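In what follows, a structure is listed as structure tokens, so that the remarks can point back to it.
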Amino acid sequence: MSQDLLAQKNKAILHILGPTDSHRAFQDSLERESYILSHVAQLMEQGHLMAKAERVGFHTDTLQVAFHAGMQYHWVELKQGGLPAEVLLKSGFDDRMFNGKVVSYNKVLSLLERIIQASEGQGYPFAEVGLDSLALNGNLLSAGLTYESGPFIAFDTIKITGSSKTDPLFLSKLLQIPPGTPFSQRKIDQSISRVRNLPYLKITEEPSLSFQNSEATFYLPIDDRSINMLDGIIGFLPNELEQNKILVTGQFDLALYNVGGKGRNYALNWQRLSQHSQNLEVSAVEPLILGSNLDVMAQFSFLKQDTSFLNRNFRVDLGYRVSPALYLTFFNSRQAGGLLDVSRFQQAEVLPEAADFRFNNYGVHLDNNRLDDVFFPRRGHFASFEVGVGNKRLLENTALPERLYEDVDMESLQYFIKFNLEKHFYFRPNVGLWTGLRAGLVESNNLLLNDLYRVGGLRSIRGFNENFFFANKFAYLNVEPRFYFDTYSYFMIFADIGRLDNSVGGVHTDWPRAGGAGINLDTGGGMFRFMYALGRSATQPFAFNYSKIHFGYTGRF
């Protein structure tokens, strides 16, 4: 394309003079100037330290430039100078990276920045580093590093400037900046991320630092969040199975966070929706046990499924904060299942789908939390992965005929895998999108009905009763556009779709799907949620008389 045609389509032309002249077209002169500067910087990065751009002439919209690379410089040597051994190691300095190599400004700058960062991590935030004893012989350059550590700085106690009642010493240990340890700017940066991932605290403004008497004081403006939860409902209904008696149904939820200002969390959930079915979950978290960086969590769950079976599970977790976003847990779980109402199996020819068992397993759980707000996120993602394996042992029920246990493998290896991914999008101040993907698998040579996952309800596939499905393999996707009309209040529409397999019951693959709408309303003292959902599966038609209404109010204090 000729220079005239280029000028017609663009506002700025660069004519590069040299052995082979060339033209480049730009939208404006600012973009053209940026290209000239970047090209000179590229030449300097290649060792041409005296590179320059000579402006030869200017005609209408065309600028004539000649680039002069000049001599290419090489290092003879770069001496380490007086760098402390620890700083030298953490900065990754190696003279072989420089000696005999082309002089690169960016490599030198990167080295100096790493030395400063290493010093900041060793308690010397005011360290200074530079080049000294520069010597040039032709195109050969030699120099030495000069280093001044400055005063040693140690952490003082964290000062909480907000209204939070959290214990400052506990917070220092949790954020891994206990008093007396060397100052580290990296730990300060990480601690801010750690606080943002704590559901019971919120940062009200930018944290700050002050230095005095060789000590660094970290001022943390945090308030306690009102996320403690107390919620319950109780119902008294006529007992259809026993005359002149009352059936008590209901649900009770209690969650307490940061008890005593030391990060202790407790939770209890009880639910009874029919006469013969109920479940109970109790959990407790004790952080930083015995002054270490390890957390201990204990959980007990109890499930009674009508007159079919009774499950109990006791689990202990040992958790460690790998980074502000990553949390690693090792766990041991002891599960026990018991068969109920065995009288109906007296004439059975095969072992029932549910049976008595003991399952002792070990596993690992990993959380990756990169949400902008762990309590009410609008951007970011959260992912978790869990895998466990152990030995399952069937117990012979003396109320069942012995023949049912013939040719049955009483001991087997059993494993399970669970995965969860949530992603939040925030397009405009009043439009967002939440998506979730969950999957699970449990496998064994001797799977039982009371081994299987329970899926369905408000927290999984909406439009079905709670724990409606049994599955040894499941995966489901939730898509929920949200239309905000307040900070924590929004309207929603949603669609859920899943795939479920139940190898125990011989059920063919089911593809449940659901859709609906609802509202999440922040009332100041709690959260009110209402959802209307329609679901369809192999066992439930898509009909209005099967629609589900999920609603509730959660009080927070």
Side-chain angles (χ1 to χ4, degrees), residues 14 16-19 30-56 65-155 181-190 209-212 214-216:
L14 179 64
I16 303 174
L17 304 176
L30 189 62
E31 185 181 355
R32 179 176 61 191
E33 189 65 25
S34 177
Y35 172 80
I36 295 172
L37 295 176
S38 65
H39 188 70
V40 172
Q42 184 179 4
L43 290 172
M44 296 180 67
E45 182 61 19
Q46 295 170 356
H48 302 281
L49 301 183
M50 306 304 292
K52 63 179 181 179
E54 180 184 2
R55 288 165 169 76
V56 178
V65 171
F67 290 104
H68 301 285
M71 186 181 298
Q72 188 180 49
Y73 292 84
H74 291 75
W75 283 107
V76 175
E77 64 175 348
L78 179 60
K79 301 176 183 179
Q80 68 181 44
L83 287 178
E86 190 70 20
V87 172
L88 188 66
L89 177 65
K90 290 187 176 296
S91 66
F93 174 78
D94 188 343
D95 55 9
R96 291 174 295 182
M97 299 168 56
F98 298 93
N99 298 350
K101 303 291 177 37
V102 170
V103 176
S104 167
Y105 171 79
N106 285 336
K107 281 186 177 181
V108 174
L109 181 61
S110 176
L111 172 63
L112 299 182
E113 289 177 346
R114 293 200 306 272
I115 291 173
I116 292 297
Q117 290 173 359
S119 299
E120 290 177 341
Q122 299 299 310
Y124 297 97
F126 302 107
E128 297 180 1
V129 65
L131 294 181
D132 194 10
S133 305
L134 289 166
L136 184 63
N137 184 10
N139 69 330
L140 301 177
L141 179 66
S142 63
L145 293 171
T146 177
Y147 177 79
E148 291 291 338
S149 66
F152 175 78
I153 304 294
F155 280 116
T181 56
F183 173 84
S184 171
Q185 183 61 47
R186 180 171 174 268
K187 287 187 176 181
I188 290 292
D189 297 336
Q190 288 184 339
L209 278 169
S210 69
F211 300 93
Q212 63 280 323
S214 298
E215 290 182 333

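In this text, all values refer to a predicted model and were calculated from it rather than measured experimentally.
- Within the structure, side-chain hydrogen bond (donor to acceptor under 3.5 Å, both in side chains) contacts touching residues 97-107 (residues at least two apart or in different chains) are Glu45-Ser104, Glu45-Asn106.
- Note on residues 78-87: pairs passing salt bridge (Lys or Arg N to Asp or Glu O under 4.0 Å), not counting sequence neighbours, are Glu77-Lys79, Glu86-Lys90.
- Listed by chain and number, the residues in a salt bridge (charged side-chain N to carboxylate O under 4.0 Å, His left out) with Asp95 amount to none (sequence neighbours excluded).
- For Glu128, there are no salt bridge (charged side-chain N to carboxylate O under 4.0 Å, His left out) partners, not counting sequence neighbours.
- The stretch residues 110-122 participates, sequence neighbours left out, in these side-chain hydrogen bond (donor to acceptor under 3.5 Å, both in side chains) pairs: Ser110-Arg114, Ser119-Tyr147.
- In this structure His68 satisfies the side chain to side chain donor-acceptor pair (under 3.5 Å) test together with Glu54, sequence neighbours excluded.
- Qualifying side chain to side chain contact (heavy atoms under 4.5 Å, CB included) partners for Ile16, counting only residues two or more places apart in sequence or in other chains: Leu14, Ser22, Arg24, Tyr35, Phe67.
- For Asn139, there are no side chain to side chain donor-acceptor pair (under 3.5 Å) partners at least two apart in sequence or on another chain.
- Side chains of Leu141 and Phe98 form no contact here, defined as non-hydrogen atoms less than 4.5 Å apart.
- Within a 6.0 Å sphere centred on CD of Glu148, other residues, nucleotides and ligands contribute 12 heavy atoms or fewer.
- Between Val76 and Leu140, the shortest heavy-atom contact is CG2-CB, 3.3 Å.
- The only option from Ile115, Leu145, Val87 that meets the side-chain contact (heavy atoms from CB on, under 4.5 Å) definition with Phe93 turns out to be Leu145.
- The minimum heavy-atom distance linking Phe183 with Ile188 is given by the pair CE1-CG1, 4.0 Å.
- Counting all heavy atoms, side chain and backbone alike, Val102 lies closest to His74 at CG2-NE2, 3.6 Å.
- Among residue pairs with one or both ends in residues 113-141, those qualifying as ring pair (Phe, Tyr, Trp, His ring centres under 6.0 Å) are Tyr124-Phe152, Phe126-Phe211; sequence neighbours excluded.
- For Leu30, the CG atom counts as loosely surrounded, since its 6.0 Å shell holds 12 or fewer non-hydrogen atoms of other residues, nucleotides or ligands.
- Under the side chain to side chain donor-acceptor pair (under 3.5 Å) criterion, Asp189 pairs with Gln185, sequence neighbours left out.
- Remark: Glu215 pairs with no residue by the side chain to side chain donor-acceptor pair (under 3.5 Å) rule, at least two apart or across chains.
- With values rounded to the nearest 0.5 angstrom, His48 atom NE2 is found 10.0 Å from Gln42 atom CD.
- A pairwise comparison of heavy atoms in Val40 and Ala51 identifies CG1-O, 3.8 Å as the closest pair.
- Here CG of Asp94 is found 10.0 Å from CD of Gln80. Values are rounded to the nearest 0.5 Å.
- For the atom pair Ser184 OG and Ile153 CD1, the distance stands at 13.0 Å (nearest 0.5 Å).
- Within the 4.5 Å cutoff, no side-chain heavy atoms of Leu111 are placed close to those of Met97.
- To the nearest 0.5 angstrom, Ser142 atom OG is 8.0 Å from Leu134 atom CG.
- The ring-ring contact (aromatic ring centres under 6.0 Å, His included) check on Tyr73 picks up nothing, with sequence neighbours excluded.
- Taking CD of Gln72 as the start and CG of Leu43 as the end, the distance is 10.0 Å to the nearest 0.5 Å.
- Of all heavy-atom pairs between Leu78 and Gly144, the closest is CD1-N, 4.3 Å.
- Here the shortest heavy-atom pairing between Pro151 and Pro125 reads O-CD, 4.4 Å.
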